[in-house]
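Counting begins at 1 with the first residue of the sequence.
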Amino acid sequence: MDESSSEAAGTVVVPAGREPGAWWRAVLPPARWLRSYQPRWLAGDAVAGATLAAYAIPVSLAYASLAGLPPQHGVYCCLFGGLLYALFGSSRQLAVGPTSAISMLVGATVAGMAGGDPARWASIAALTALVFAAICVLAWLLSLSSLVNFISETVLLGFKAGAAITIATTQLPKLLGVPGGGEGFFERVVIIVRQLGQTNLAVLAFGLAAIALLVAGEKLFPGRPVALVVVALSIVLVSVLPLAEIGFSTVGLLPSGLPVIELPELRVRDVDGVVPLAFACFLLAYIEGISAARALAQKNGYEINPRQELLALGAANLAAGLGQGYPVAGGLSQSSVNDKAGARTPLALVFASAVIALCLLYLTGLLRNLPNVVLAAIVLVAVAGLIKVRDLRRLWRVRRAEFAIAMVALVGVLLLGILRGVIVAAVMSLAMLLRDLARPHVAELGRIPGTRRYSDLERHPDNERVPGLLIIRVEAPLLYFNANHIRDMVRRHLGAAPAPVRAVVVDLSTSPTMDVTAAVMLGGLHQELAARGIPLRFANARASVRDFVRAGGGEAMIGELNRKLSLDGIIQEVLAGMPASGP
């Protein structure tokens, strides 16, 4: 790939030392895409930025309430997070700000740390963003961008559904016009049920109307700031009608002006649990951001740099933490708004921040009469998209075991809360990986009719068995925790063979690596079969496996690993060396 194509893709391919300043061009993507920026893109970026700001302001006000913070803190996240992401991010359309799951995670966890003190609450939230930023930078330095891939989509599917249901229970009291309360999911549900008789029908009707407008607006005007229209309409109604007298609560007067850039008053040593909270936010944010960035990049014909996204996410959270915000991420909904509005480059985020700054300076008074039920409606509509019923049904049809795992993740969030739910999701992902590696499929192979190729007999019963041979393929790395299972499966295939087995051939083409325990197991299996007069041969061993075995003198135990012969070549060699069978 040449340099021009790498700029279009948004990836870093310039070798160190190729030209002066190459290192900072690698760290700062604008140093590349600004050189090819076309003036006609400016209007699109400006319109997209204004549209994104119009969408983000009401949504961030709503998400701040989820985090337990005054509404303006959500706007501060959008103001600063987008600016720094534009400087370091490799995605051209990703929009950074507060998200529903992270907001709920922060609110539910910080509640137990703040002791009811609003100032301490805000300080802990900002400190979490700074610790989050440090984790991102450390992961960037160590090139750990692939580690989050250990959390499977199945687990995330269940986790997001559980998070959405949990978030919904925090917003239903606002929709019903009742006090609500409770700490955990089930406690909140019980309290809501008990308070149903106190439902304020006027507030409920207002909220349901707002939800209907938001849902209809998303379908009829995708990519448009429908939430802003609903917010503006609700403010007008509350301003001209005596709704406050019948139980409508409002946001109240927001402080005007830009936030002061400062460090939180607290330090990490002052708050127990802030590091696990920041790490959970990191997992959620990076996975969600990378998923959204990849989808947008594929749609617009370029590539992102996953490692660079770590640095960009760290910079965005550093800015959010210093600007009195809380952890931010790249969300799919706001990014879709940015993309559909015509954003060509991250410059759209700069325009969005400029519009947000103007609103903070001059327009905060207009939000005074914004009813809280409308913020609840915005959150409920947003989190409804986290429950992927179609995907869960597909899992049920295709693989019941993975559906069960998704349900465990969902229930884990409901029972244990968002933070512990994230940890459960991560542990489950690793457990799924280890489960599959510990009990890999050990296939018996047969010859594909009319060819010299071999495939799984179980999947293709029309394959032909090679008389006198057991041909095995281990479909996994050979490691200490699956060595006994592989040995037992070979024995099982031997015992189930329809005719006496006179030789065993193991195809290692799908085993990219081997450790000492596995090598010892193969040596023991070789001796066990030799005692029964059954030779054991290996075919298609990869270079890394051959080097490992030879370095430890393993060929003396398991025989030669011949790189020149194919599986069929080994089989023909074994057949030629076998004594003729009886009459």
Side-chain angles (χ1 to χ4, degrees), residues 53-79 97-98 100 103-104 107 111 116 118-119 121-122 125 167-181 188 192 195 198-214 217 225-257 259 324-326 356 358-383:
Y55 173 87
I57 289 173
V59 171
S60 60
L61 291 172
Y63 287 167
S65 67
L66 277 181
L69 295 166
Q72 68 271 14
H73 288 264
V75 183
Y76 297 161
C77 291
C78 294
L79 173 65
S100 57
S103 298
M104 181 62 191
W121 195 305
I167 291 168
T169 61
T170 68
Q171 300 304 299
L172 282 177
K174 298 178 184 177
L175 183 67
L176 298 171
V178 299
R188 284 194 294 270
I192 290 172
Q195 294 176 352
Q198 308 171 33
T199 299
N200 187 321
L201 295 179
V203 172
L204 176 60
F206 200 97
L208 291 177
I211 290 174
L213 288 174
L214 289 167
V226 177
L228 182 64
V229 176
V230 174
V231 164
L233 182 60
S234 67
I235 291 174
V236 171
L237 291 175
V238 172
S239 300
V240 300
L241 299 175
L243 297 180
E245 299 175 7
I246 57 174
F248 277 69
S249 63
T250 61
V251 169
L253 185 63
L254 300 180
S256 62
Q324 302 181 41
Y326 63 96
I356 291 171
L358 291 174
C359 291
L360 286 171
L361 288 169
Y362 304 111
L363 301 179
T364 54
L366 297 178
L367 298 173
R368 183 173 190 169
N369 290 328
L370 172 60
N372 285 316
V373 66
V374 170
L375 295 182
I378 291 172
V379 172
L380 288 171
V381 171
V383 301

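Looking at L358 and L363, their side chains never come closer than 4.5 Å, going by heavy atoms from C-beta outward. Proximity of L243 to P371: side-chain heavy atoms (C-beta onward) are nowhere separated by under 4.5 Å. In this structure, K174 and L375 have side chains that are not in contact, with every pair of non-hydrogen atoms separated by 4.5 Å or more. L360 is listed as a side-chain neighbour of I356, based on a closest heavy-atom distance under 4.5 Å. Counting only heavy atoms from C-beta outward, the side chains of Y63 and C77 never approach each other to under 4.5 Å. Residues L370 and S234 are in side-chain contact: their nearest non-hydrogen atoms beyond the backbone lie under 4.5 Å apart.
Distance alone, capped at 3.5 Å, is enough to place a donor-acceptor pair between the W121 side chain and the A67 backbone. Judged by distance alone, with hydrogens and angles left aside, the side-chain atoms of Q72 form no donor-acceptor pair with the main-chain N or O of L254 at under 3.5 Å. Between the H73 side chain and the Y326 main chain, no donor and acceptor come within less than 3.5 Å of each other. Using a distance-only test at 3.5 Å, with no hydrogens or angles considered, no donor-acceptor pair links the side chain of N369 to the main chain of T250.
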I'd like to know whether N372 forms a side chain to side chain contact (heavy atoms under 4.5 Å, CB included) with F248, so could you lay out the CA-CA distance, the side-chain angles of the two residues, the decisive distance to 0.1 Å, and finally the verdict. CA-CA 8 Å; N372 285 316; F248 277 69; over 6 Å; no
Begin with the C-alpha distance, continue with both residues' side-chain angles, and end with the deciding distance and a verdict on side chain to side chain contact (heavy atoms under 4.5 Å, CB included) for L66 and Q171. CA-CA 8 Å; L66 277 181; Q171 300 304 299; 3.2 Å; yes
Where do V226 and Y55 land on the side chain to side chain contact (heavy atoms under 4.5 Å, CB included) test, with the steps shown first? CA-CA 7 Å; V226 177; Y55 173 87; over 6 Å; no
Walk me through whether L61 and V231 qualify under side chain to side chain contact (heavy atoms under 4.5 Å, CB included). CA-CA 11 Å; L61 291 172; V231 164; over 6 Å; no
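Across all their heavy atoms, Q195 and G180 have their closest contact at OE1-N, 2.7 Å. For the residue pair A376 and L175, the shortest heavy atom distance occurs at CB-N, 4.4 Å. Heavy atoms only, all atoms of each residue included: I57 and V75 are closest at O-CG2, 4.3 Å. What you find for T169 and I192 is that their closest heavy atoms are O-CD1, 3.5 Å. Minimum interatomic distance between N200 and G247 (heavy atoms only, all atoms of both residues): ND2-CA, 3.8 Å. In terms of heavy atoms, V230 sits closest to A210 at CG1-CB, 4.1 Å.
Rounded to the nearest 0.5 Å, atoms CG (L253) and CG (L367) are 9.5 Å apart.
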